[in-house]
Visitor: 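Take a look at the following structure, please.
Atoms considered below: every heavy atom in the structure, side chains included; atoms not considered: hydrogens, waters and symmetry mates. Residue numbers start from 1 in every chain, and the chains themselves are labelled A, B, ... in the order their sequence lines are given, proteins ahead of strands.
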Amino acid sequence: MGIPQQLEARLREAARVVLPDADTAGLLVRPCADKRFGDYQTSGLMPLAKARGLDPRKLAAEVCAKLDVRDLCDEVTAAGQGFINFRLKPAALVPVFEAAARGEHLFFDKATVPRTVVVDYSSPNVAKPMHVGHIRSTIIGDSIARILRLLGHRVITDNHIGDWGTQFGMLLLGWKRYLNPAALESDPIAEMERVYKLVNAECEKDPATLQAARAELVKLQRGDPENRRLWEQMVTLSRREFDRLYARLDVQFDYTLGESFYNPRLEPLVNEFVARGIARESEGAIVVFFDEPADAELRNYPLIIRKSDGAFNYATTDLATLVYRIETWRPDEIIYVTDARQKLHFAQVFAAFRRFMPEARVRLAHVWFGTILGEDGKPFRTRAGDTVKLADLLDEAEERALKIVTEKNPSLPEAQRREIARVVGIGAVKYADLMQNRETDYVFRWDKLLALDGNTAPYLQYAYTRIASIFRKGQVAQIEPRLVFEAPEELALAKHMLNFGLVLENAANEYRPNFICNFLYELAVRFSAFYENCPVLQAPEPLRLSRLTLCHLAAQILKTGLGVLGIRTLEQM
RNA sequence: GCACCCAUAGCUCAAUUGGAUAGAGCAUCUGACUACGGAUCAGAAGGUUGCAGGUUCGACUCCUGCUGGGUGCGCCA
């Protein structure tokens, strides 16, 4: 158990002595925002005092008197309106750090009760290029999956690709009429997109073309062998392109079960909804109405699960997907990572699902993120103007990084510079996206995504390489863990590391990778201060070993923390 | 029309169950390279947290109203 967790446990014990019947679940110990107060604080006694009509200062003082943390803290004080502040005793860090340096832990605990969590993210559409709009879902989803895995949970990632739907009528028609085989060879998705757009434009003017496209769709849906074959080819070609991008992004999926996978399940599902009275016919469609008090906010937003023409829509597919996941993996939780525009849709699907399987205890989370805006602050519309393809963005990022690596380190062989540029460029793009609160709208700016200075991934990677450089230069392979504190920068660095576990937990609970970015950036800032003020290799023993221990652990946290963001570290850059 | 989301420094963003004096980066200005990588560091400046009320010991955070922007709303996904 980590130090903040121990403080919290002791605090709760003391609070129970003073207030035997109190619910201490809300009694949390958190790092002090202002270090002048101490290292950790609790503000949780004030609500308890208020509920009982007690004087919060007095309560804090009483709990403080019962609090036995002499082994961990120099100073524990009741302060302000009813806070308790803790200041750690440097000696208390020694066993924790020595254990960490021996590889026994890295300042976090694995979950005692592992959960099974399905994470649904990325979900590109067949025959369309992945553009910047897919970056957030892919990167945030991947990071959430990595965080949960690090914390010891069983994670199942599933890429719910758009491989079915009405667009295939036009695609099939376009394929048959306008396909350029050579273009398909060199850039399949671009060519599929081209013929799709051609037919789409034609349909708007010419009813006959629209009719023909619909006929192709019907043939596909009825299992026509020719159309089925073409459709399979479209899916295969698209997935090959997606996989190329996922490889560049270092993103993997356990499953890629697209919408088409659920086709056989749609009709039986709708029938059961109707048979059980959850859905009913309305204006020719089959609709779920939310008339129960629990679903009051959806009262005016019914959910169509079968269209009046008999076809199913994405709500049907999402419900079938949900049921399949429950039956197949028995998850404790399912996480959907999509943009904010789908909030109502998921609220509807989740509510319909609760009616269908009220006994399911699964937690359903729609992890949404802000709309992508252009630099003018208006929504970034792919249809209207320039769509920035993800592949082009990554190319540009790597090019910029290569230029800088070549400037800084011209003596490195080109292959190595290219590899560094790849890790730095992709890392910068990911970090720029992950570091901000996912709920705020996302302004797409080349400069922001490709920035290599300031609070960016390269800054963190650079801190890591400086540490690697120390070990290289000192020819230090293994260290005997020691810990002595001389300079204030050493203590500040060490204390920060203790919070890695809290941050991982918070990031997992709130689905907010940016908490980890903040933590790592602060770690790197503290490391830089340490680096400026505390010579390592030239320090006399035992200071040298102690500083090497701090360096080693800071590097481990940087590597692991960047790792759960999907960002790699380098020994040299 | 109804619902949801957002508004924080010039710009892009943080702010850990409602907690103490709202923090970073970029840009601007001033400094620091004969210590382990200057993709760095130290410092300055920059704020009526959209407006007006309310709840609270305490509000960027919760409630109400308003302004401005965005998104969605039975047969696209």
Side-chain angles (χ1 to χ4, degrees), chain A residues 25-28 30-34 36-37 41 43-44 46-47 49-50 56-57 79-83 123 125 162 164-167 259 282-287 289 297-298 300-304 306-309 311 313-315 317-318 339-345 347 368 370-371 373 377-379 404-405 407-409 424 432 435-437 439-441 443 445 447-448 451-456 458-459 461-463 465-474 499 502-503 506-507 510 512 514-515 517-519 521-522 525 528-529 531-539 547 551 572-573:
Chain A
L27 218 44
L28 305 180
R30 289 286 173 248
C32 285
D34 189 334
R36 276 173 297 179
F37 293 121
Q41 70 174 204
S43 58
M46 289 179 273
K50 186 192 169 92
R57 296 164 191 253
Q81 298 300 314
F83 297 89
S123 312
N125 291 315
W164 200 252
T166 49
Q167 74 272 24
E259 292 169 348
S282 168
E283 296 172 37
I286 303 295
V287 182
F289 290 94
E297 69 278 7
L298 295 175
N300 298 319
Y301 303 98
L303 181 66
I304 291 179
R306 196 178 76 190
K307 303 194 284 181
S308 55
D309 66 0
N313 59 11
Y314 75 129
T317 310
D318 278 351
D339 68 272
R341 286 177 295 194
Q342 299 199 41
K343 283 176 77 169
L344 176 59
H345 169 68
W368 55 273
T371 311
L373 306 175
K378 291 182 176 167
I404 294 191
V405 183
E407 234 169 69
K408 307 278 181 190
N409 258 328
V424 170
M435 73 176 283
Q436 74 185 52
N437 184 334
E439 295 189 1
T440 55
D441 282 346
V443 177
R445 288 180 53 202
D447 285 351
K448 181 167 68 177
L452 304 172
D453 293 313
N455 183 359
T456 61
Y459 176 77
Q461 290 165 325
Y462 181 63
T465 62
R466 283 168 132 187
I467 299 174
S469 180
I470 290 174
F471 280 81
R472 215 170 29 244
K473 183 150 188 169
N499 297 330
L502 286 179
V503 169
N506 281 343
E510 307 291 322
R512 293 270 300 269
N514 70 308
F515 291 169
C517 296
N518 293 343
F519 171 83
Y521 178 69
E522 282 171 26
V525 167
S528 295
Y531 184 88
E532 293 287 323
N533 293 291
C534 305
V536 177
L537 295 174
Q538 278 92 341
R547 288 179 174 171
C551 283
Q572 279 180 278
M573 62 186 271

Visitor: In whole angstrom, give me the gap between the P atoms of C51(B) and U67(B).
Guide: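 Those two atoms are separated by 15 Å.
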
Visitor: Could I get a table of every N or O pair under 3.5 Å where one atom is in the protein and the other is in nucleotides 2-7 of chain B?
Guide:
residue: C2(B); atom: O2; partner: Tyr301(A); partner atom: OH; Å: 3.1
residue: A3(B); atom: O4'; partner: Tyr301(A); partner atom: OH; Å: 3.1
residue: C4(B); atom: O2'; partner: Lys343(A); partner atom: NZ; Å: 3.2

Visitor: For Asn533(A), give me all partners under side-chain hydrogen bond (donor to acceptor under 3.5 Å, both in side chains), at least two apart in sequence or on another chain.
Guide: Glu489(A)

Visitor: Among all residues two or more places apart in sequence or in another chain, which pass the salt bridge (Lys or Arg N to Asp or Glu O under 4.0 Å) test with Arg512(A)?
Guide: none

Visitor: Taking only residues two or more places apart in sequence or in another chain, which ones pass side-chain hydrogen bond (donor to acceptor under 3.5 Å, both in side chains) with Asn518(A)?
Guide: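 Scan of Asn518(A) (side-chain hydrogen bond (donor to acceptor under 3.5 Å, both in side chains), adjacent residues dropped) gives none.
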
Visitor: With no hydrogens and no angle check, is any side-chain donor or acceptor of Asn409(A) less than 3.5 Å from a backbone partner on Met573(A)?
Guide: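 The answer is yes, because a donor-acceptor pair under 3.5 Å joins these two groups.
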
Visitor: Do Gln41(A) and A20(B) share a donor-acceptor pair, side chain to base, under 3.5 Å?
Guide: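 Yes, a donor-acceptor pair under 3.5 Å.
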
Visitor: Taking atom C1' of A20(B) as reference, at what distance in whole Å does atom CZ of Arg30(A) sit?
Guide: 17 Å

Visitor: Please pick, from U17(B), U12(B), G37(B), the nucleotide with the shortest atom-to-atom distance to any side-chain atom of Gln572(A).
Guide: G37(B)

Visitor: If we take the P atom in both C6(B) and G50(B), what is their distance in whole Å?
Guide: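 12 Å, rounded to whole Å.
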
Visitor: Please work out if Asp34(A) contacts a base, only the sugar-phosphate, or nothing of the nucleic acid, heavy-atom cut-off 4.0 Å.
Guide: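 Counting heavy atoms under 4.0 Å across all strands, no contact is made by Asp34(A).
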
Visitor: Out of U12(B), G37(B), C76(B), which nucleotide sits closest to the side chain of Lys307(A)?
Guide: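 Taking heavy atoms from C-beta onward, the closest nucleotide is C76(B).
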
Visitor: Please enumerate all residues that pass side-chain hydrogen bond (donor to acceptor under 3.5 Å, both in side chains) together with Asn455(A), with sequence neighbours excluded.
Guide: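 Here the qualifying residues are Tyr431(A).
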
Visitor: Is there a stack between Tyr462(A) and G37(B), judged by ring centres under 5.5 Å and planes under 30°?
Guide: no

Visitor: Under 4.0 Å: is that the gap between some side-chain N or O of Arg466(A) and OP1 or OP2 of G38(B)?
Guide: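 Affirmative; the distance criterion is met.
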
Visitor: Nucleotide by nucleotide, 5' to 3', does protein get under 4.0 Å of the base (B), only the sugar-phosphate (S), or neither (-) in nucleotides 22-27 of chain B, counting heavy atoms?
Guide: --SSS-

Visitor: Counting only side-chain nitrogens and oxygens, does Tyr531(A) get under 4.0 Å of the OP1 or OP2 atom of A42(B)?
Guide: no

Visitor: Looking across every strand, which nucleic acid part, if any, lies under 4.0 Å from Glu283(A) by heavy atom: base, sugar-phosphate, or nothing?
Guide: base

Visitor: To the side chain of Gln436(A), which of G37(B), A14(B), G19(B) is closest?
Guide: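 Closest nucleotide to the Gln436(A) side chain: A14(B).
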
Visitor: Ring stacking, Phe83(A) with base of G19(B), under 5.5 Å and under 30°?
Guide: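 Base of G19(B): not stacked against Phe83(A).
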
Visitor: Polar-atom pairs under 3.5 Å, protein N or O versus N or O of nucleotides 32-34 of chain B: list them with distances, or write none.
Guide:
none

Visitor: Please list, chain by chain and in numerical order, all residues satisfying ring pair (Phe, Tyr, Trp, His ring centres under 6.0 Å) with Tyr301(A), sequence neighbours excluded.
Guide: none

Visitor: With a 4.0 Å cut-off on heavy atoms, is Leu344(A) in touch with a base, just the backbone sugar-phosphate, or nothing at all?
Guide: sugar-phosphate

Visitor: Kindly write out the residues that satisfy salt bridge (Lys or Arg N to Asp or Glu O under 4.0 Å) with Asp309(A), not counting sequence neighbours, or none if the list is empty.
Guide: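 Expected list: none.
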
Visitor: Quick one: list whatever passes ring pair (Phe, Tyr, Trp, His ring centres under 6.0 Å) with Tyr521(A), sequence neighbours left out.
Guide: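 Residues passing ring pair (Phe, Tyr, Trp, His ring centres under 6.0 Å) with Tyr521(A): Tyr459(A).
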
Visitor: Please determine, for the side chain of Val405(A), which listed nucleotide (A39(B), C13(B), A20(B)) has the closest atom?
Guide: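 Minimum distance to the Val405(A) side chain belongs to A39(B).
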
Visitor: Looking at Lys448(A), does any N or O in its side chain come under 4.0 Å of the phosphate oxygens OP1/OP2 on C13(B)?
Guide: yes

Visitor: Please produce a list of atom pairs where a protein N or O lies less than 3.5 Å from an N or O of nucleotides 56-59 of chain B.
Guide:
residue: U56(B); atom: O3'; partner: Lys50(A); partner atom: NZ; Å: 3.4

Visitor: In whole Å, what separates the C1' atom of U16(B) from that of G70(B)?
Guide: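 To the nearest whole Å, 28 Å.
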
Visitor: Kindly indicate whether the side chain of Arg512(A) and the base of U16(B) share any N or O donor-acceptor pair separated by less than 3.5 Å?
Guide: no

Visitor: Take atom C1' in C29(B) and the same atom in G65(B), then report the distance between them in whole Å.
Guide: 44 Å

Visitor: Of the listed nucleotides (G37(B), G19(B), U12(B)), which one gets closest to any side-chain atom of Ser43(A)?
Guide: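 The listed nucleotide nearest to Ser43(A)'s side chain is G19(B).
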
Visitor: Can you find a donor-acceptor N/O pair under 3.5 angstrom joining the side chain of Ser469(A) to the base of C36(B)?
Guide: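 No such pair is found, so the answer is no.
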
Visitor: Based on Watson-Crick and G-U pairs with both distances under 3.5 Å, what dot-bracket line describes RNA chain B 5' to 3', crossing pairs as [ ] and inter-strand pairs as |?
Guide: (((((((..((((.....[...)))).(((((.......))))).....(((((..]....))))))))))))....

Visitor: Verify the contact: side-chain N or O of Asn125(A) to OP1 or OP2 of A77(B), cut-off strictly under 4.0 Å; return yes or no.
Guide: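 Negative; the distance criterion is not met.
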
Visitor: Please report the distance, rounded to the nearest Å, between OH in Tyr459(A) and C1' in G38(B).
Guide: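 Rounded to the whole Å, the gap is 12 Å.
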
Visitor: May I have the distance from Asn514(A) (atom CG) to U12(B) (atom P), rounded to whole angstrom?
Guide: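 It is 18 Å, rounded to the nearest whole Å.
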
